[in-house]
Amino acid sequence: MIRRSLVLAALVALGCSAANGEAGANGGSAPDTGAAPAGPSGPRPQAGMAWVIFGTDTAFAEVARTADEREQGLMGRTALDPNHGMIFVYDEPEVLSFWMRNTLIPLDVAFLDPSFRITEIQTMEPETENLHTAREPALAALEMDKGWFAERGIGPGAVARIVWDR
C-alpha cells in the first residue's frame with residue numbers, strides 16, 4: 001500500500017491525474033479521434049481504462065494493474081479498435097519482459113520510465129515466445145497495434161500524460 005501511495009503521489013507531482021473522477025456524458029470514453037481528451041478536471045476514462053496522451057495523440061488503453069490482468073494481456077484478441085491498446089502498470093520500476101504467446105495481432109510495446117517517458121519501443125510478432133525485454137527498469141509498458149507509434153512520430157524520449165479512471 002505504501003508503494004502504491006508513493007506511485008500515486010509521483011503521478012500527482014508529475015501533473016498526471018490519479019484521483020477519482022466522474023464519467024462524462026459519453027460514459028467516460030472519448031471519441032477515437034486521436035486528439036487529446038479533456039484535462040484532469042474534465043471527463044475521465046471509463047472504469048479499467050486510461051488515456052495515454054502524447055501531445056495531440058491519445059491511446060485509449062485498458063489498464064492491467066494486477067498480476068492476473070498483466071498475465072492475460074491482449075491474448076486471444078483478433079484486432080484492436082483504432083487508437084486502443086493496453087497499459088501494464090507496476091508498483092515500482094523493474095526490467096520488464098513481454099512475449100506474444102496466444103497473442104494473435106502484431107504489437108509495438110513502449111517501455112515507460114517512472115516519469116512516463118518512453119525509453120524504447122519494440123515490435124512484437126504474433127504467436128511467438130521471443131522475449132522482448134526492456135534495457136532499463138520501467139514502471140509501465142504500453143502495447144499498441146504495430147506501427148501506431150511510428151505513424152504518429154512518437155518515439156523514445158516522448159513523455160506521456162496519463163489520465164486514469166481513478
Any side-chain heavy atom of [X] sitting closer than 4.5 Å to one from [Y]?
{"X": "P126", "Y": "T103", "result": "no"}
{"X": "Y90", "Y": "P137", "result": "no"}
{"X": "F54", "Y": "R152", "result": "no"}
{"X": "M86", "Y": "R77", "result": "yes"}
{"X": "D145", "Y": "I105", "result": "yes"}
{"X": "I118", "Y": "L112", "result": "yes"}

Heavy-atom donor-acceptor pair, [X] side chain to [Y] backbone, under 3.5 Å:
{"X": "R70", "Y": "V89", "value": "yes"}
{"X": "N102", "Y": "G76", "value": "no"}
{"X": "D165", "Y": "G48", "value": "yes"}
{"X": "E143", "Y": "L74", "value": "no"}

### Query
Around atom CD of E129, are there more than 12 heavy atoms of other residues, nucleotides or ligands at under 6.0 Å?
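More than 12 heavy atoms, drawn from other residues, nucleotides or ligands, come within 6.0 Å of this atom.
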Please report the shortest heavy-atom distance between [X] and [Y], naming the atom on each side.
{"X": "S115", "Y": "V159", "result": "O-CG1, 3.5 Å"}
{"X": "P114", "Y": "P93", "result": "CG-CG, 3.4 Å"}
{"X": "A50", "Y": "I162", "result": "CB-CG2, 4.0 Å"}
{"X": "L131", "Y": "S97", "result": "CD2-CB, 4.3 Å"}
{"X": "I53", "Y": "V163", "result": "CD1-CG2, 4.0 Å"}
{"X": "G157", "Y": "R117", "result": "O-CG, 3.7 Å"}

Measuring from [X]:[atom1] to [Y]:[atom2], what's the distance to the nearest 0.5 Å?
{"X": "T133", "Y": "F111", "atom1": "OG1", "atom2": "CZ", "value": "7.0 Å"}
{"X": "E94", "Y": "E136", "atom1": "CD", "atom2": "CD", "value": "14.0 Å"}
{"X": "T119", "Y": "L139", "atom1": "OG1", "atom2": "CG", "value": "11.0 Å"}
{"X": "Q46", "Y": "E62", "atom1": "CD", "atom2": "CD", "value": "9.0 Å"}
{"X": "F88", "Y": "L96", "atom1": "CZ", "atom2": "CG", "value": "10.0 Å"}
{"X": "E120", "Y": "D113", "atom1": "CD", "atom2": "CG", "value": "11.5 Å"}

### Task
Verify the cluster assignment for W99 and L80: are they in a single hydrophobic cluster under the rule of side-chain heavy atoms below 4.5 Å apart?
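Different clusters: W99 never reaches L80 through Ile, Leu, Val, Met, Phe, Trp or Tyr contacts under 4.5 Å.
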### Query
Between R135 and Q122, is a side-chain contact (heavy atoms from CB on, under 4.5 Å) present by the stated rule, with each step listed?
CA-CA 11 Å; R135 287 185 286 246; Q122 296 184 26; 5.6 Å; no
### Message
I'd like to know whether L142 forms a side-chain contact (heavy atoms from CB on, under 4.5 Å) with F149, so could you lay out the CA-CA distance, the side-chain angles of the two residues, the decisive distance to 0.1 Å, and finally the verdict.
### Response
CA-CA 10 Å; L142 176 63; F149 296 100; 3.8 Å; yes
### Message
One pair to check against side-chain contact (heavy atoms from CB on, under 4.5 Å): L107 and W148. What are the steps and the verdict?
### Response
CA-CA 9 Å; L107 299 171; W148 188 88; over 6 Å; no
